[in-house]
Amino acid sequence: MEKAFYITTPIYYVNDRPHIGHASTTVWADVQARYQRLRGRRTFFLTGLDEHGIKVQQAAEKRGLPPQQHCDEMAPHFLALWKALNISQDDFVRTTEPRHKAVVQRFLAELHSKGAIYRKKYHGWYSKAAEQFVTEKEKVNGQFPAHLGEVVELEEENYFFRMSDHQEWLIRHIQEHPDWIQPSNRRNEILGALQKPLEDLCISRPKARLAWGIPLPFDPEYVTYVWVDALVNYISVPGYGTERFASFWPADFHLIAKDILTTHTVYWPTMLHAVGIPMPNRILAHGWWLMEREKMSKSLGNIISPQDYIEKYGADALRYFICRELQLANDTDFTEERFLRRFNADLANDLGNLVNRSLSMVHRYRQGNAPGRGAAGAVEEEICKLAAATFDAYHPAMESIAYSTALEAVWKLIARANRYVEETAPWKLAKDPAAASRLDAVLRLLTEISAALAYLVSPFMPDTAAKITNQLAIRDLTESRLRTLDLLSDGHALGPPAPLFPRQSASDCAASRAK
RNA sequence: GCCAGGGUAGCUCAGCGGAAGAGCAGGGGACUCAUAAGCCCUUGGUCGGGAGUUCGAUUCUCCCCCCUGGCACCA
């Protein structure tokens with residue numbers, strides 16, 4: 001079978017309700033998955049939940065629930081958000097599922113049989129309140145902070161993964177694959193960190209201290225600790241150890257946020273290398289959203305909630321904003337003003353209004369039937385060239401997840417089309433019977449551009465793309481005909497037009513209300 | 001502290017040796033197909049500070065100031 005395009009998000013820790021950060025990584029992955037499907041590739045898009053670990057055990061205890069029940073109650077929050085956001089995951093993994101646990105144990109056994117795991121005593125300071133080891137670094141003025149409670153010296157035996165064995169290999173791999181870790185500032189950070197000796201990785205917890213985990217196959221007194229559990233989802237779901245695995249792995253993209261860069265570019269690759277599994281193709285870590293805390297708390301006292309934005313502005317608008325604004329290499333501010341500016345300027349005024357005015361004119365002047373190509377001239381030829389150039393710029397940007405670059409190219413075409421309407425002034429042509437053929441040409445071209453835009457925008461805004469194709473009364477978006485603006489047949493009957501994005505007044509904005 | 005990356009129009013940023021740019025926001029205008037949207041015109045910057053190299057520096061070098069990110073069994 002053709003190898004699938006395989007893209008992942010992290011599996012999210014169920015301690016938390018989903019927030020804008022989870023939503024952003026997932027939207028980025030979804031856009032890529034939809035794009036790859038649009039191009040006709042078999043695609044596998046995986047997301048899911050990380051359900052083991054001390055925090056989950058504690059959270060469940062606090063609620064007086066068994067941990068599994070706590071997880072079962074958390075999972076729907078994530079699934080509901082993904083549904084509301086139109087996320088098109090092909091599978092949704094939960095690390096408490098048997099299919100995952102079996103592979104984790106297999107993976108651990110393989111590491112063990114290859115001599116990559118050993119047992120040693122760990123000696124350190126343990127906080128009873130936090131139920132975890134703490135390090136010297138957490139000391140303030142030579143004292144551990146009060147919230148850690150009593151900190152005692154503790155000795156504990158644990159299992160370690162010989163991560164240090166793979167340091168030189170890892171450095172070489174990063175150097176020989178310049179695009180493996182993106183963006184380059186993150187790659188440099190990792191290379192910088194690897195100049196210091198790599199330590200071995202503790203991968204276990206005694207059951208007495210942490211019961212909520214997957215038992216080590218070679219020592220039932222221990223469970224595996226977070227990384228060997230969570231990261232393995234990337235191979236457990238596609239069936240590591242079975243025949244079908246080869247038709248998924250290696251992953252084309254691991255999409256993450258910058259906070260889990262080290263786990264994905266150091267721990268995970270060295271574990272895979274130790275077992276002899278090929279490396280994922282690319283690991284892409286985007287920046288974080290920053291909230292202007294003062295403003296947010298003064299006005300409303302809350303954090304950005306994806307659900308609120310979806311309810312207020314629609315999933316597509318939020319998806320668009322996340323793809324247009326969230327930077328790969330840097331952190332980005334999320335404010336409602338910025339969101340509204342994008343909404344009104346890009347979605348309502350540029351895209352929405354272009355499609356609406358175009359289709360309205362076809363209805364007004366041509367009874368809703370796409371006219372023939374008419375008397376097309378130099379301007380139409382120029383715009384056809386621009387359309388093709390737009391596709392040419394769009395594809396490489398999409399392939400490399402440079403979404404704002406791709407969207408900028410699309411919006412150049414939109415701007416040109418809006419200018420075209422002014423240049424040709426169809427309302428004037430409509431008054432002159434001698435200009436009928438000229439008017440045909442203009443309206444036909446605008447209709448074709450709307451179809452092309454439905455295609456270009458569809459990975460980002462699936463609902464909007466569907467609205468446009470419904471208004472155009474078309475089903476099929478064949479790229480080869482869209483890029484030459486030659487999809488429709490003469491006389492094709494359009495559906496009724498309707499605005500795509502009702503303009504939002506600034507007074508709806510929280511920050512404006514606060515003034 | 002150490003390692004990176006920055007400081008250019010109100011905001012977000014591009015430019016990186018030869019007469020200061022884009023988008024958004026602001027102001028004005030002509031139009032009316034359209035979501036009072038779109039289009040045209042326009043206000044606005046001693047390109048962080050200082051010194052140097054050069055015929056010429058936002059662009060190169062050095063020093064200073066400020067900001068951001070990273071610094072790994074930690075969440």
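Quick note on labels: first sequence line is chain A, next is B, and so on, each numbered from 1. Note that the structure is a prediction, hence the values are computed from the model and not measured.
Using atom P as the reference point in both B:rG15 and B:rG27, the two lie 31 Å apart (nearest Å). Separation of the C1' atoms belonging to B:rC67 and B:rU61 is 23 Å when rounded to the nearest angstrom. Between B:rA19 and B:rU59, the two C1' atoms lie 15 Å apart (nearest whole Å). Taking the C1' atoms as reference points, B:rU32 lies 10 Å from B:rG38, given to the whole Å. A distance of about 29 Å separates the C1' atoms of B:rG52 and B:rA9, rounded to the whole Å. Using atom P as the reference point in both B:rG26 and B:rG10, the two lie 15 Å apart (nearest Å). B:rG44 and B:rC39 have their C1' atoms separated by 22 Å, given to the nearest Å.
Among residues two or more places apart in sequence or in another chain, the side-chain contact (heavy atoms from CB on, under 4.5 Å) test is passed with A:Arg63 by A:Leu65, A:His70, A:Glu73. A:Lys196 pairs by the side-chain contact (heavy atoms from CB on, under 4.5 Å) definition with nothing, not counting sequence neighbours. Checked against side-chain hydrogen bond (donor to acceptor under 3.5 Å, both in side chains), A:Ser358 has no partners two or more places apart in sequence or in another chain.
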Nucleotides 23-33 of chain B: which of its N/O atoms have a protein N/O under 3.5 Å away?
from	atom 1	to	atom 2	distance (Å)
B:rC33	O2	A:Arg357	NE	3.1
B:rC33	N3	A:Arg357	NE	3.4
B:rC33	N3	A:Arg357	NH2	2.6
B:rC33	N4	A:Arg357	NH2	3.1

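Remark: B:rA4 base-pairs with B:rU68. Criterion, Watson-Crick or G-U wobble with two distances under 3.5 Å. B:rA22 is paired with B:rU12 under the Watson-Crick or G-U wobble criterion, all donor-acceptor distances under 3.5 Å. B:rA57 is unpaired under the criterion used here, namely a Watson-Crick or G-U wobble arrangement in which both key atom distances are under 3.5 Å.
Each of B:rC73, B:rA72, B:rU12 was ranked by its minimum atom distance to the side chain of A:Arg205; first place goes to B:rC73. Closest contact between the side chain of A:Asn353 and the listed nucleotides B:rG69, B:rC74, B:rA37 involves B:rA37. Ranking B:rU35, B:rC74, B:rG69 by closeness to the A:Tyr225 side chain, first place goes to B:rC74.
Note on residues 410-431 of chain A: pairs passing ring-ring contact (aromatic ring centres under 6.0 Å, His included), not counting sequence neighbours, are A:Tyr320-A:Trp411. Applying the salt bridge (Lys or Arg N to Asp or Glu O under 4.0 Å) test to pairs two or more places apart or on separate chains, those with a residue in residues 367-377 of chain A are A:Arg373-A:Glu448, A:Arg373-A:Asp486.
Across all strands, A:Leu500 comes closer than 4.0 Å to base atoms (heavy-atom distances).
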